[in-house]
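Below you'll find the structure, written out as structure tokens, and then a few comments.
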There are 2 protein chains.
Amino acid sequence: MSVVETPRPPEENNRRMALVRAAAVLFRDQGYERTTVRDLGSAVGMQSGSLFYHFRTKEEILVAVMALGITSTTEQLAAALAEANSLRDKLAALFRVHLNSLLGDNQAALEVMLYEWRSVSETAKPGLIVLRDRYEALWQQVLDEAAAAGLVKQDTRLLRRTLLGSLHWTVQWYRRDGELSVDDLARHMLQLVLTE
Amino acid sequence: MSVVETPRPPEENNRRMALVRAAAVLFRDQGYERTTVRDLGSAVGMQSGSLFYHFRTKEEILVAVMALGITSTTEQLAAALAEANSLRDKLAALFRVHLNSLLGDNQAALEVMLYEWRSVSETAKPGLIVLRDRYEALWQQVLDEAAAAGLVKQDTRLLRRTLLGSLHWTVQWYRRDGELSVDDLARHMLQLVLTE
DNA sequence: GTCTATAGGTAGATAGAC
DNA sequence: GTCTATCTACCTATAGAC
């Protein structure tokens, strides 16, 4: 049930990874409880019993989905921040990376992390919380710098929670077939929070 | 399965109402899918079979919980707006009423409305959407007035979605035993959005 | 690694007595 | 209106063959 795993060569984990990605989509669309192990199996062309060679329980699959969602987003954000040339660029990266991870192609995993928290057992929560805190720490650093430079308001802890709430909620109303691209949406939302 | 019901004398619906209130708490704490009809029955001192005299299906209970959550919040907001003396007071009322409904005592119903949407059947959704739109229309009116007066930024449709997302997310981190009261939190969050 | 077959449990809902 | 009893269906997980 350990969340942090030793990395292996990708070929070795292909089957397991395909399962996690398929599970992310099913859990997002139907919810964890309504998704049966039979659903998961047939999504990867497998009988339900065979799943339990790769995972001990259905919940272990949920935890793997969530861990994937938050770690891959954290990695993308860290990379974007390292490339940013200005504080303003860093701020923009926060919004851009988060929304692309949440609303972009094949990115159901982060959404599962946000909305299926109640289905995670108490024993598995701490590991996921560590991963989430690591992500939020990146946010906090950038917001603190931005507040010191006068780009945003001062109460940065509340600001971080407020902004993340706004971004999370976009999954409820944003439609990709509309006029606004994800990057445009990120820019608009950043604009709302900048002190002029 | 109709959401909008003819009002009846309260005594007539006491049992039904107690059930809806108990269900709101269970659905919020455990999730709709994990809550069994046996859980619901024992929460009101009833056998599970007896529930089906009051409701045809378990889902009908979920819809009743959600309808209660959003209509009672809408009524409270409408009353608060009618009493407000200034535009600034109206803005404050948006935040205050929403957070008290979400974080206050015995107010699990609105939280269920926000987080169990996926468990609602397609046939029941339209009725709930009408109720939700009615609530959001109140927000939109006040934000439009505030933008015209220069109190908040101009993109009020995005602003409404952004603010509601921030407020919804408070259930994930706000703790009543902390330093901040719900009313204080409402004031702080309003402060973040005002143009100075 | 994946299959078939199934154990063992619990879910939502119904029927009829009171 | 509520109870008891129960139906039918489906769930996660396991066992052993291949």
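All chains are named by letter (A, B, ...) in the order of the sequence lines, taking the proteins before the strands, and each is independently numbered beginning at 1. Keep in mind that what you see is a predicted model, and the values were worked out from it rather than measured.
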Calculate the interatomic distance between Y53(B) atom OH and dT2(D) atom P; express it in whole Å. 8 Å
Round to a whole Å and report the spacing from CG of L51(B) to C1' of dT4(D). 15 Å
Roughly, in whole Å, what's the span from CZ in F55(A) to C1' in dG1(C)? 14 Å
When rounded to whole Å, the NZ to P distance for the pair K58(A) and dG9(C) reads 19 Å
Compare the minimum distances between each of dC3(C), dT2(D), dT12(D) and the side chain of F52(A), then state the nucleotide with the smallest one. dT12(D)
Pairing residues for S50(A) by the side-chain contact (heavy atoms from CB on, under 4.5 Å) criterion, not counting sequence neighbours: M46(A), Q47(A)
Return a table of donor-acceptor pairs under 3.5 angstrom between the side chains of residues 157-166 of chain A and protein atoms on other chains or two or more places apart.
| residue | atom | partner | partner atom | Å |
| --- | --- | --- | --- | --- |
| R160(A) | NH1 | Q140(A) | OE1 | 2.7 |
| T162(A) | OG1 | L158(A) | O | 2.7 |
| S166(A) | OG | T162(A) | O | 3.1 |
| S166(A) | OG | T162(B) | O | 2.9 |
| S166(A) | OG | S166(B) | OG | 2.7 |

Out of dC3(D), dG1(C), dC3(C), which nucleotide sits closest to the side chain of H54(A)? dG1(C)
Aromatic rings F27(A) and Y32(A): how do their planes relate, parallel, tilted or perpendicular, breaks at 30° and 60°? perpendicular
Gap between atoms CZ and P, on R34(B) and dT10(C) respectively (whole Å): 14 Å
Tell me: CG of N14(A) to P of dG1(C), nearest whole Å? 11 Å
Counting side-chain heavy atoms from C-beta on, which of dT2(C), dA13(C), dG12(C) comes nearest to T36(B)? dG12(C)
Please check if the distance between the ring centroids of H168(A) and H98(A) is under 6.0 Å. yes
Q30(A) atom CD is separated from dC10(D) atom C1', nearest whole Å, by 15 Å
Let me know the distance between CG of L26(A) and P of dC11(D), rounded to the nearest Å. 13 Å
Contact under 4.0 Å: R56(B) side-chain N or O vs dT14(C) OP1/OP2: no
Has the side chain of R38(B) got a donor or acceptor atom sitting under 3.5 Å from an opposite partner on the base of dG12(C)? yes
Residue pair E59(B) / S121(B), side-chain donor-acceptor N/O under 3.5 Å: yes
From the options dT14(D), dT2(D), dC3(D), select the nucleotide whose nearest atom is closest to the side chain of Q47(B). dC3(D)
Return no unless some side-chain N or O of S50(B) is found under 4.0 Å from OP1 or OP2 of dG1(D). no
